[in-house]
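Numbers here simply count residues along the sequence, with the first being 1. Side chains are part of it too, since the values below use all heavy atoms of this structure and drop only hydrogens, waters and symmetry mates. Counting convention: from 1, in listed order, for ligands and their atoms alike. Quantities reported herein were computed from a predicted structural model and do not represent experimental measurements.
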Amino acid sequence: MRFVHFDEGRLGLLTDDGDGIVDLTDRLEIDARDPLLAYLRSDDDASEYADADPDYTRDEVELRAPVRRPGKVVAAPLNYENHIAEAIADRDITTDEWFSIEDKGYFLKAPSSVVGPDHGVELPFSDRRVDHEVELAFVMGSDVKDVSAEEAWDHIFGYTVLLDISVRGDQDRSNRKSYDTFTVVGPCVATPDEVGDPQTLQMELDLNGERRQDENTNDMVYTCADVVQYASIGTTLEAGDVVTTGTPEGVSALSDGDTIDARIENVGEMTVDVTGRDVRFADVDVRKGGQE
Ligand code: MN
């Protein structure tokens with residue numbers, strides 16, 4: 001099943017062709033601002049509606065982030081070797097040391113940065129480089145703590161496409177990656193039976209129709225389950241938390257008016273528009289930490 005959150009608090013299933021939506025909200029009597037979270041915490045089973053006739057077409061509704069306000073967004077930095085090389089080159093540093101998720105651990109993005117694909121990305125600055133990062137992400141299905149990688153797979157509810165939008169520069173990651181709209185999640189959460197092996201999925205990102213990122217998830221340093229194991233050490237990962245697994249090479253700068261198309265095999269695809277604004281205060285210089 002491919003779960004979608006649409007309009008105001010409505011939960012649905014995306015049909016196999018990706019064009020139709022079966023509305024589960026009334027069928028399962030869900031009344032919540034975050035309907036997938038409510039579903040995850042209930043004993044409901046949507047599978048009896050998996051083959052129902054669609055109530056809407058995809059373009060009739062506004063697709064929201066599958067989880068509107070996750071408790072946490074756990075994010076892997078530097079989890080593809082080719083992006084590690086790109087990050088080192090971009091910083092104009094040389095290092096002989098291994099520079100990866102194994103050394104850096106994870107970071108957290110503000111839950112308030114999460115939006116759905118139909119909302120779009122809003123750039124806060126025109127004079128700082130802001131990059132797209134396409135990533136395979138997943139939603140936790142149960143609460144876990146101190147869980148081994150082997151067991152972690154059973155606690156993943158489903159997989160989704162995530163854009164980890166990032167201001168480049170020297171500020172802390174949680175600052176650079178937590179602006180409103182900087183975590184685009186969608187279009188759906190595809191359950192493991194739909195996805196197959198999550199470590200062999202092709203993923204692509206086009207910027208204004210031009211291919212920028214094109215990679216297979218088999219190139220991750222830490223697998224999805226490894227990230228869960230690492231992040232669960234001493235910390236409860238809760239049902240509905242979103243975990244994102246890092247981006248491959250090909251990140252590039254976004255501008256006002258851009259269009260992003262992001263796709264992950266067996267998971268879904270989404271088109272996301274980019275708009276710009278320019279916030280300034282005389283007494284604070286957020287451009288100071290920039291590299292360009
Ligand atoms: Mn990232």
Quiz item: Nearest to the Mn ion (ligand 1), which N, O or S atom of Asp164 do we find?
Solution: OD2
Practice problem: Would you check, one step at a time, whether the test side-chain hydrogen bond (donor to acceptor under 3.5 Å, both in side chains) holds for Gln199 with Asn216? | Solution: CA-CA 8 Å; Gln199 301 302 144; Asn216 195 285; over 6 Å; no
Quiz item: Looking at Glu204 and Arg212, does any basic side-chain N land under 4.0 Å from a carboxylate oxygen?
Solution: no
Quiz item: Name of the Glu133 N, O or S atom nearest the Mn ion (ligand 1)?
Solution: OE1
Exercise. Flag yes if Val272 and Val242 sit in one hydrophobic cluster, no otherwise; membership is Ile, Leu, Val, Met, Phe, Trp, Tyr, and two members link when side-chain heavy atoms are under 4.5 Å apart.
Key: no
Quiz item: For Asp193, does the CG atom sit with more than 12 other heavy atoms under 6.0 Å from it, leaving out its own atoms?
Solution: yes
Quiz prompt | Shortest-distance N/O/S atom, Glu135 versus the Mn ion (ligand 1) | solution = OE2
